[in-house]
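Here the structure is laid out as structure tokens; the discussion comes afterwards.
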Amino acid sequence: MATRYGKGLIGGVVVVTLLALLIQWIGINTIQLYRDDLLFYLQAHLILVLASMLAALIVGIPAGILLSRPNMVGRAERFMQIFNIGNTVPPLAVLAIALGVLGIGSGPAIFALFLASLLPIVRNTYEGLKNVQGSLKEAATGIGMTPRQVLFRVELPNAVPIIIGGVRVALAINVGTAPLAFLIGANSLGSLIFPGIALNNHPQLLLGAACTALLALLLDGLVTMASRLWLERGLRPS
């Protein structure tokens with residue numbers, strides 16, 4: 001326990017130091033100048049990320065479960081390519097296609113981010129369930145569990161760490177791609193980055209890029225912490 005707290009303290013000191021250096025690099029005046037814009041675009045960015053990630057989770061986890069079933073053996077990889085569209089096609093092309101179908105604004109941006117986030121969740125759900133030891137499933141079946149009970153009480157709990165890994169990868173892709181939504185008329189931190197590039201305004205550009213990176217780190221940390229607490233609580237004797 002002491003070791004964990006020590007590592008946490010060191011990590012906190014490192015984070016605070018990096019934040020201080022980042023603020024000095026960008027400049028306090030720049031942060032104050034763009035404070036209202038930053039808060040507005042950060043909120044819009046979060047909405048894009050959370051909406052698209054929620055959709056990806058709702059579709060991706062059930063899809064991974066279906067592909068992992070015994071009757072899908074031999075066909076799962078072919079179906080997996082359907083979910084690979086968002087990663088095979090460049091993000092700008094996906095945004096352009098979504099723009100042509102859904103028009104300008106947040107709708108096509110959420111759809112494009114949903115496609116980009118889908119494959120890691122489906123893939124990791126599938127791999128996590130396939131890697132559950134057969135002996136565990138056989139034991140569960142031997143004590144009278146139905147296939148549904150085996151899935152929810154044995155397979156999914158054992159696959160959670162791998163599934164969470166896929167969620168973290170999808171979240172990083174999502175947050176990093178969301179600034180491109182500016183190009184199709186959706187508000188995001190890209191609304192600071194791209195005008196900063198066009199106007200050769202380096203402080204504005206750095207502010208948008210740094211906030212995007214920090215947001216990705218923060219959300220990844222929250223997901224990691226929540227999953228760790230959940231797993232520890234699930235393993236704790238009742």
Side-chain angles (χ1 to χ4, degrees), residues 48-91 93-95 97-98 101-102 107-177 219-220 222-224 226-238:
L48 293 179
V49 169
L50 295 179
S52 56
M53 279 298 298
L54 179 61
L57 289 171
I58 291 173
V59 174
I61 292 178
I65 292 173
L66 289 175
L67 292 177
S68 70
R69 298 304 87 194
N71 61 339
M72 292 297 294
V73 173
R75 294 180 291 170
E77 288 299 331
R78 291 200 298 270
F79 281 101
M80 195 71 70
Q81 298 308 311
I82 298 174
F83 301 102
N84 196 27
I85 294 174
N87 297 87
T88 303
V89 181
V94 176
L95 285 168
I97 294 170
V101 176
L102 300 175
I110 291 173
F111 179 70
L113 293 173
F114 158 75
L115 290 179
S117 307
L118 202 51
L119 180 64
I121 296 173
V122 178
R123 169 64 71 180
N124 278 45
T125 301
Y126 169 76
E127 294 294 342
L129 292 171
K130 293 294 289 183
N131 288 329
V132 174
Q133 294 181 7
S135 58
L136 293 177
K137 294 183 281 187
E138 291 172 4
T141 302
I143 63 174
M145 283 190 182
T146 65
R148 181 183 179 87
Q149 289 173 326
V150 172
L151 172 63
F152 285 101
R153 296 186 183 181
V154 178
E155 293 184 74
L156 281 173
N158 281 279
V160 163
I162 298 178
I163 295 173
I164 293 298
V167 172
R168 292 175 63 189
V169 171
L171 189 59
I173 293 172
N174 195 308
V175 175
T177 306
L219 292 178
D220 181 74
L222 289 175
V223 170
T224 303
S227 63
R228 186 176 300 166
L229 291 174
W230 183 29
L231 288 172
E232 288 178 354
R233 184 175 180 180
L235 295 173
R236 190 180 303 155
S238 56

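Between Ala63 and Val122, the closest heavy-atom pair is CB-CG2, 4.3 Å. For the residue pair Ser117 and Ala56, the shortest heavy atom distance occurs at CB-CB, 4.0 Å. Between Gly165 and Asn124, the closest heavy-atom pair is C-ND2, 3.6 Å. Minimum heavy-atom separation, Ala140 to Val150: CB-CG2, 3.9 Å. Considering every non-hydrogen atom in both Gly128 and Ile162, the closest pair reads CA-CD1, 3.7 Å.
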Is there a side chain to side chain contact (heavy atoms under 4.5 Å, CB included) between Val59 and Ile121? Walk through the geometry before answering. CA-CA 9 Å; Val59 174; Ile121 296 173; over 6 Å; no

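Every residue meeting the side chain to side chain contact (heavy atoms under 4.5 Å, CB included) condition with Ala55, not counting sequence neighbours, appears here in chain and number order: Phe114. The side-chain hydrogen bond (donor to acceptor under 3.5 Å, both in side chains) test applied to Thr125 returns no partner, not counting sequence neighbours. Residues passing the side-chain hydrogen bond (donor to acceptor under 3.5 Å, both in side chains) test with Gln81: none are found, sequence neighbours excluded. Applying the salt bridge (charged side-chain N to carboxylate O under 4.0 Å, His left out) test to Glu77 and every residue at least two apart in sequence or in another chain returns Arg123. Residues passing the salt bridge (charged side-chain N to carboxylate O under 4.0 Å, His left out) test with Arg153: none are found, sequence neighbours excluded. Partners of Leu171 according to the side chain to side chain contact (heavy atoms under 4.5 Å, CB included) rule, which considers only residues two or more places apart in sequence or in another chain, are Val49, Met53, Val175, Leu219, Val223. In this structure, the side chain to side chain contact (heavy atoms under 4.5 Å, CB included) partners of Ala76, at least two apart in sequence or on a different chain, are Leu67, Tyr126. By the side chain to side chain contact (heavy atoms under 4.5 Å, CB included) test, Leu136 is found to be paired with Val132, Gln133, Val154, Asn158, residues two or more places apart in sequence or in another chain being considered. The side-chain hydrogen bond (donor to acceptor under 3.5 Å, both in side chains) test applied to Asp220 returns Arg168, not counting sequence neighbours.
For the atom pair CD of Gln149 and CD1 of Ile143, the computed distance is 8.5 Å after rounding to the nearest 0.5 Å. Note that OG1 of Thr224 and CG of Leu229 are 11.0 Å apart. Values are rounded to the nearest 0.5 Å. Rounded to the nearest 0.5 Å, atoms CG (Leu151) and CG (Leu129) are 6.5 Å apart. In this structure, the separation between CE on Met72 and CZ on Arg75 is 5.0 Å, given to the nearest 0.5 Å.
Identified under the side chain to side chain donor-acceptor pair (under 3.5 Å) test for residues 52-74, with sequence neighbours left out: Ser52-Asn174, Arg69-Glu155. The salt bridge (Lys or Arg N to Asp or Glu O under 4.0 Å) contacts involving residues 107-120 comprise nothing, where partners must be two or more places apart or lie in separate chains.
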